[in-house]
Amino acid sequence: MIDTIKIMHDQGKQYIPDVTTAKVPGIFRGRPIISEDKSVANSEICAVCPTGALSGEDKLSLDMGRCLFCGECARCFPKKISFTQDYKISSVKRENLIIKEGVDAPVDFGAEAIRKELKGLFSRSLKLRQVSAAGDNSCEWELGATSNVNFDMGRFGIEFVASPRHSDGVVVTGPVSENMSIALRKTFEAVPSPKLFVLCGTDAISGGIFADSPALDRSFIDETHVDLYIPGNPSHPLTIINALLMFRG
């Protein structure tokens, strides 16, 4: 007991007491803001984005589902684009991930769009099976971090399990390669209904920098209802946890 008290005295608490209000380091790039500055043509700004996340001739918009959060646009055009430390950027609706010029407001989670059969179903416990569909291990790493001593997602009854038959849904990371398409489909089919389908990270949501690659097969994503979009490249553990907590209500 004395040793434990000494550790807390020297290092402080090794977990985040409140994951809904926690602060992140200044280097973190969260929800972007697009100003109404017109000193540079939108076409010139859009040209710096490697994934086409920026678009618009009159009014500029940024799609967080395609954004790499590399910060290149903000570095080149600091008067036009900046990134906040707001990590609550997930949504049930794909269109809510699009940030519009002149709008500085929290991302609308869109809880009203949650399927009726899922509302309140996982309020006490949520078990998820994670599938890395050709991911680069960045989002996978962050998903793993949600269960460490700092974030401790398990205290909310949210855990990752080894078998889809023991889960309530699937969390997909990676752009979904042709080699992983069938495996993803079989995994999701093995989950008992009603089930949750989550896309975590830019690669999973849009394909990211691999979007036009012939090595991808995103047909299963296109034909399956997505219940939750968690943007980020990779998604921050606080973004992931808050998204799942908000989904559970």
Side-chain angles (χ1 to χ4, degrees), residues 12-35 51 53-54 61-75 81-100 103-111 113-114 126 128 130 135-160 171-173 196 198-206 208 226-249:
K13 294 180 179 179
Q14 293 191 345
Y15 72 99
I16 300 173
D18 189 350
V19 295
T20 64
T21 59
K23 303 297 182 182
V24 291
I27 59 173
F28 172 75
R29 297 189 187 101
R31 176 176 55 85
I33 297 176
I34 305 174
S35 75
T51 58
L54 290 165
S61 63
L62 188 155
D63 185 353
M64 291 192 296
R66 302 177 71 177
C67 180
L68 299 179
F69 291 84
C70 63
E72 185 67 10
C73 56
R75 186 185 69 81
I81 301 174
S82 61
F83 286 85
T84 70
Q85 292 179 279
D86 182 5
Y87 48 78
K88 297 179 182 179
I89 54 177
S90 303
S91 182
V92 175
K93 297 180 178 180
R94 177 66 177 89
E95 60 269 25
N96 287 354
L97 301 186
I98 299 176
I99 303 298
K100 298 181 180 179
V103 178
D104 181 6
V107 174
D108 180 12
F109 184 72
I114 297 175
L126 178 60
L128 298 167
Q130 191 265 321
D136 60 6
N137 206 38
S138 58
C139 275
E140 292 83 351
W141 196 331
E142 298 302 284
L143 282 169
T146 61
S147 301
N148 67 22
V149 68
N150 294 310
F151 300 101
D152 191 18
M153 187 170 66
R155 61 181 139 158
F156 305 112
I158 307 174
E159 298 175 318
F160 290 102
V171 178
V172 183
T173 56
L196 180 66
V198 181
L199 299 184
C200 183
T202 298
D203 288 350
I205 295 174
S206 67
V226 179
D227 294 295
L228 181 60
Y229 298 91
I230 307 178
N233 191 54
S235 304
H236 194 280
L238 288 173
T239 303
I240 298 168
I241 295 173
N242 275 276
L244 294 174
L245 288 177
M246 293 171 73
F247 189 89
R248 296 199 321 178

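Residue numbers count from 1 along this sequence.
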In Å, rounded to the nearest 0.5 Å, how long is the span from CG of Leu199 to CD1 of Ile230? 9.0 Å

If you define the side chain from C-beta out and look only at heavy atoms, does anything of Asp203 sit under 4.5 Å from Cys139? no

Between Thr20 and Met246, is any pair of side-chain heavy atoms under 4.5 Å apart? no

Just so I know, are the side chains of Met64 and Pro32 near enough to count as touching, which here means a heavy-atom distance under 4.5 Å? yes

Under the 3.5 angstrom rule, does the side chain of Asn242 hit a backbone N or O of Leu245 as a donor-acceptor pair? no

Contact check, side chains of Glu142 and Ser235, non-hydrogen atoms, under 4.5 Å: no

Please examine the side chains of Cys73 and Leu54, heavy atoms only from C-beta on, and report whether any two atoms are closer than 4.5 Å. yes

Measuring only between side-chain heavy atoms, which start at C-beta, is Asp104 closer than 4.5 Å to Arg31? yes

In terms of heavy-atom contacts, Val92 and Asp227 come closest through CG1-O, 3.5 Å

Please work out which of the three classes, parallel, tilted or perpendicular, describes the rings of Tyr87 and His236, given edges at 30° and 60°. parallel

Side chain Gln85, main chain Pro25, donor-acceptor under 3.5 Å: yes

side-chain hydrogen bond (donor to acceptor under 3.5 Å, both in side chains) between Thr173 and Glu140, worked out: CA-CA 7 Å; Thr173 56; Glu140 292 83 351; 2.9 Å; yes

How long is the straight-line distance from CD1 of Ile89 back to CZ of Arg29, given to the nearest 0.5 Å? 12.5 Å

Contact between Ile205 and Leu97 at the side-chain level, heavy atoms closer than 4.5 Å - yes or no? yes

Quick one: list whatever passes ring pair (Phe, Tyr, Trp, His ring centres under 6.0 Å) with Phe156, sequence neighbours left out. none

Between Lys93, Glu95, Lys88, which is the residue that forms a side chain to side chain contact (heavy atoms under 4.5 Å, CB included) with Ser91? Lys93

If you look at every heavy atom in Ser61 and Ile98, which pair is closest and at what distance? CB-CG2, 3.9 Å

Where do Leu238 and Ala22 come nearest, in terms of heavy atoms and distance? CD1-CB, 4.0 Å

What are the two closest heavy atoms between Thr239 and Pro231, and how far apart are they? CG2-O, 4.0 Å

Could you please spell out the steps behind the side-chain contact (heavy atoms from CB on, under 4.5 Å) verdict for Thr202 and Thr51? CA-CA 10 Å; Thr202 298; Thr51 58; 5.7 Å; no

Please step through side-chain contact (heavy atoms from CB on, under 4.5 Å) for the pair Arg248 and Ile114, ending with a clear verdict. CA-CA 10 Å; Arg248 296 199 321 178; Ile114 297 175; over 6 Å; no

Heavy-atom closest pair (Ser90 atom, Phe109 atom, distance to 0.1 Å) is O-CD1, 3.5 Å

Closer than 3.5 angstrom, by distance alone: can the side chain of Arg66 be matched with the main-chain N or O of Leu62 as a donor-acceptor pair? no

Check Phe247 against Leu196 and note the closest heavy-atom contact, atom names and distance. CZ-CD1, 3.3 Å

Any side-chain heavy-atom pair from Ile158 and Thr146 closer than 4.5 angstrom? no

